[in-house]
There are 2 protein chains.
Amino acid sequence: MMFRDFTLTDKEREALNAISTKIHKPAKRRIYTQGEAGKYVYRIRSGAVRLEHHLHDGRNQIFAFMWSGDMFGTIEDGVYPASAIALVDTYLFQIPYAALLNLIEVHPRIQTLFLQQVLNYTQAARRHLLLATYPLVVKRLAGFLLECSKQADFYDRHTNILTLAMDRRDIADYLGFAVETTSRMLKELEDMRLIKRLSSQRIMLDRRKIMDMF
Amino acid sequence: MMFRDFTLTDKEREALNAISTKIHKPAKRRIYTQGEAGKYVYRIRSGAVRLEHHLHDGRNQIFAFMWSGDMFGTIEDGVYPASAIALVDTYLFQIPYAALLNLIEVHPRIQTLFLQQVLNYTQAARRHLLLATYPLVVKRLAGFLLECSKQADFYDRHTNILTLAMDRRDIADYLGFAVETTSRMLKELEDMRLIKRLSSQRIMLDRRKIMDMF
DNA sequence: CGGCGAGTTGATAGCTTTCAAATGCCGTGG
DNA sequence: CCACGGCATTTGAAAGCTATCAACTCGCCG
C-alpha cells in the first residue's frame, strides 16, 4: 500500500471530529439504501456492517463486511451503489460529504486518509473475489472463516473461538452459494476436524489445519 | 464518485510527465510479476492489459482488464499483488513511486488523480464480482460482452462489432469457469441470436437483446 | 406451552467440469 | 506456393458438484 504509515495530526483529527456526528444503529438496522442520494460517509467506531446489492433477479450480493475502523459510503453518480446494514449493535461517525470536501481544501492530508481507506477496500475486494470464485464451496467457506478470524473484536486468539456477526444467509450471499450450502459445508469442515461448532454463532477454529487447505 | 469533474492543470500535468517514461510492450509481454518489488505505477496510453493472480492450486484468477487511460501498479507490503501482462500492442507511461511521492508533496492535487483512479477501480471491481458470481455462466458471459462494448477502442457502435483483446482462456479466468465453457456459452448466445461470431476475436452484438437478459 | 424464524438434513434435478478428441488458424520452412 | 507443426478453439460424453424443494430440528421469546 502506498501510505501505510499515514496518521492524522491532532489538529486534523479535531477538524474532522468537528464535522462528524456520532450515531448508533442496533443490529439489523438499515443505515442507508442502494439508490438513495448519498449525503454521508461513515466510519465505524464499534460493531460491524454489511454492504449489499439487490439485483433484479432477486439475488442479494454482499460486497463486503466492514469492521471497526473501516469507512464506507462511497457514492456513484450521486447515489449509494449498495445498501448498508448493521450486523450487530453498531456505533458510527457520520460525516457529511459537503463539509468533508470543504475540509479537504483546508487540510489536504485528510484526503490521504480516504485514499488509504479506499486502497484497503480494494485489497479486501481482491481477497473477496478470490474467495467467491474458488471452484469448491468448502474452500470458500474455509477461507472466509480465516478472514473473519483477523477481526480482533470477534476472534479470541487464546481460545480460538470465532463469534460470527453474520447469519448463514449473509455468509451465503457473500460467498455466492445457497443458504443450505453454508450448513452443509460447516458440517463438512467439522467432520474434517478443522472447526467445532459451539453454537450457531460461535465456532472454534483450528487455523493451522485450515491454512493447510490453501 | 467523489471527484468526477477533476482534471489536472497544465503545470501539474507537465510535472507528472517530467517524471514519467514512455514505454512499449508488444502483445503477451509481461509488464511486471506478482511478488516482485513494486517500483513503478503505470498509465495506459493505448492498448490493453490484464491483471492476474496465480494461486497455489494452479488457478489463475484475472482481477481486471485495464484499458486506455487506466492506471495500475498498486503495491501491497512493497510488492505487486498481481502480474500485469499486455493483451495487445500497448504503450504506457511508467511512473516511479519514489519520484511520485515527492511530486505529491509539491502538487497535492496529483494525489486526487490517484484517488479518482482507485475509486474507478473499485467500481469496476464491484461489477466484476457481480458478473463472476452469476449462478448461470451464460449470464456471466453476456454481461462480460456488454462490459467490453463500453471500450470505444474495441467496439464499433455503428457496425456493433466487438473486437476481443483477450482469448478464451482469459475470459474464463476472469469469469471463473473452464475454458471450454467459454466456447459453449458463445455458441449458446449465438443460437439465441444475441451475438454472431465473425471470427474468433470479432463478434457482432445485439446489445438490446443482451440487455434484456438482465 | 406454543409459535416463529434460523439452522440443519435428505433426495433429486440441473448445471458445469473434466477428459478426450476433432477442427480451425497461422506462421515457418521447404 | 504448399506442407507442416503448434496453438487456440470447438465439440462430445460422462462424472462431479451444488441448487432446489421439502421436511425437520433447534433456540428463543411471548
Side-chain angles (χ1 to χ4, degrees), chain A residues 26-28 50 55 57-62 85 87-88 131-145 162-192 195-203 213, chain B residues 26-28 50 55 57-62 85 87-89 131-142 144-145 162-192 195-203 213:
Chain A
K28 304 198 176 183
R50 72 169 191 264
L55 301 193
D57 58 15
R59 184 162 67 108
N60 216 45
Q61 177 65 47
I62 293 183
I85 291 137
L87 291 174
V88 296
L131 277 185
T133 55
Y134 269 104
L136 266 59
V137 290
V138 65
K139 210 161 169 179
R140 294 188 205 170
L141 185 59
F144 175 73
L145 294 176
L162 174 69
T163 303
L164 290 173
M166 66 294 288
D167 62 21
R168 301 293 187 263
R169 169 156 294 286
D170 290 339
I171 297 175
D173 288 347
Y174 183 75
L175 296 176
F177 49 62
V179 193
E180 298 91 331
T181 303
T182 314
S183 284
R184 269 188 265 270
M185 294 305 122
L186 282 174
K187 183 191 169 83
E188 192 168 322
L189 290 174
E190 194 162 30
D191 289 346
M192 295 193 287
I195 68 170
K196 186 169 187 177
R197 284 180 285 186
L198 306 176
S199 74
S200 76
Q201 305 302 112
R202 284 164 34 91
I203 299 179
M213 285 185 71
Chain B
K28 305 198 176 183
R50 74 168 189 266
L55 301 195
D57 57 14
R59 184 162 67 107
N60 218 43
Q61 177 66 47
I62 293 182
I85 291 138
L87 292 174
V88 296
D89 208 49
L131 277 185
T133 55
Y134 270 104
L136 266 60
V137 289
V138 66
K139 211 163 170 179
R140 294 187 205 171
L141 185 59
F144 175 73
L145 294 176
L162 174 69
T163 303
L164 290 174
M166 66 294 288
D167 63 20
R168 302 293 186 263
R169 169 157 295 284
D170 290 339
I171 297 175
D173 288 347
Y174 183 75
L175 296 176
F177 48 62
V179 193
E180 297 91 331
T181 304
T182 313
S183 285
R184 269 188 265 269
M185 294 304 122
L186 281 174
K187 183 191 170 83
E188 192 169 323
L189 290 174
E190 193 162 30
D191 290 345
M192 296 191 287
I195 68 169
K196 186 170 187 176
R197 283 179 285 185
L198 306 176
S199 73
S200 77
Q201 307 301 113
R202 284 164 35 91
I203 300 179
M213 285 184 70

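Here is how names work: the chains are called A, B, and so on, in the same order as the sequence lines, proteins then strands, and each is numbered from 1.
The side chain of B:Ala178 lies closest to C:dT18, out of C:dT18, D:dT18, D:dA8.
C:dT16 atom P lies 15 Å from atom OH of B:Tyr134, rounded to whole Å. Between the CE atom of A:Met185 and the P atom of D:dA19 there is a distance of 8 Å, given to the nearest Å. In this structure, the CD atom of A:Glu188 is 9 Å from the P atom of D:dC17, given to the nearest Å. Here the P atom of nucleotide D:dT20 and the CZ atom of A:Arg59 are 11 Å apart, to the nearest Å. If you take CG of A:Asp191 and P of C:dT8, they are 13 Å apart, rounded to a whole angstrom. As rounded to whole Å, 12 Å separates atom C1' of C:dG7 from atom CD1 of A:Ile203. When rounded to the nearest whole Å, the span between CZ of B:Phe177 and P of D:dT18 equals 18 Å. Nucleotide C:dG5 holds its P atom 11 Å from the NZ atom of A:Lys28, rounded to whole Å.
Between A:Asp57 and B:Lys139, at least one side-chain nitrogen of the basic residue sits less than 4.0 Å from a carboxylate oxygen of the acidic one, meeting the salt-bridge criterion.
Counting only distance, with no hydrogens or angles, the side chain of A:Glu190 and the backbone of A:Arg197 share a donor-acceptor pair below 3.5 Å.
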Under a 4.0 Å heavy-atom criterion, the protein footprint on nucleotides 9-16 of chain D, written with B, S and -, is SBBBB---
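One finds the CE atom of A:Met166 at 8.0 Å from the CD1 atom of A:Ile62 (value rounded to the nearest 0.5 Å). Note: A:Ile171 CD1 to A:Thr182 OG1 = 6.0 Å, rounded to the nearest 0.5 Å.
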| message | Applying side chain to side chain contact (heavy atoms under 4.5 Å, CB included) to B:Arg202 and B:Leu162, what does each step give before you reach the verdict? | response | CA-CA 6 Å; B:Arg202 284 164 35 91; B:Leu162 174 69; over 6 Å; no
Self-check item: Residue pair A:Ile203, A:Lys196: steps toward the side chain to side chain contact (heavy atoms under 4.5 Å, CB included) verdict
Solution: CA-CA 6 Å; A:Ile203 299 179; A:Lys196 186 169 187 177; over 6 Å; no
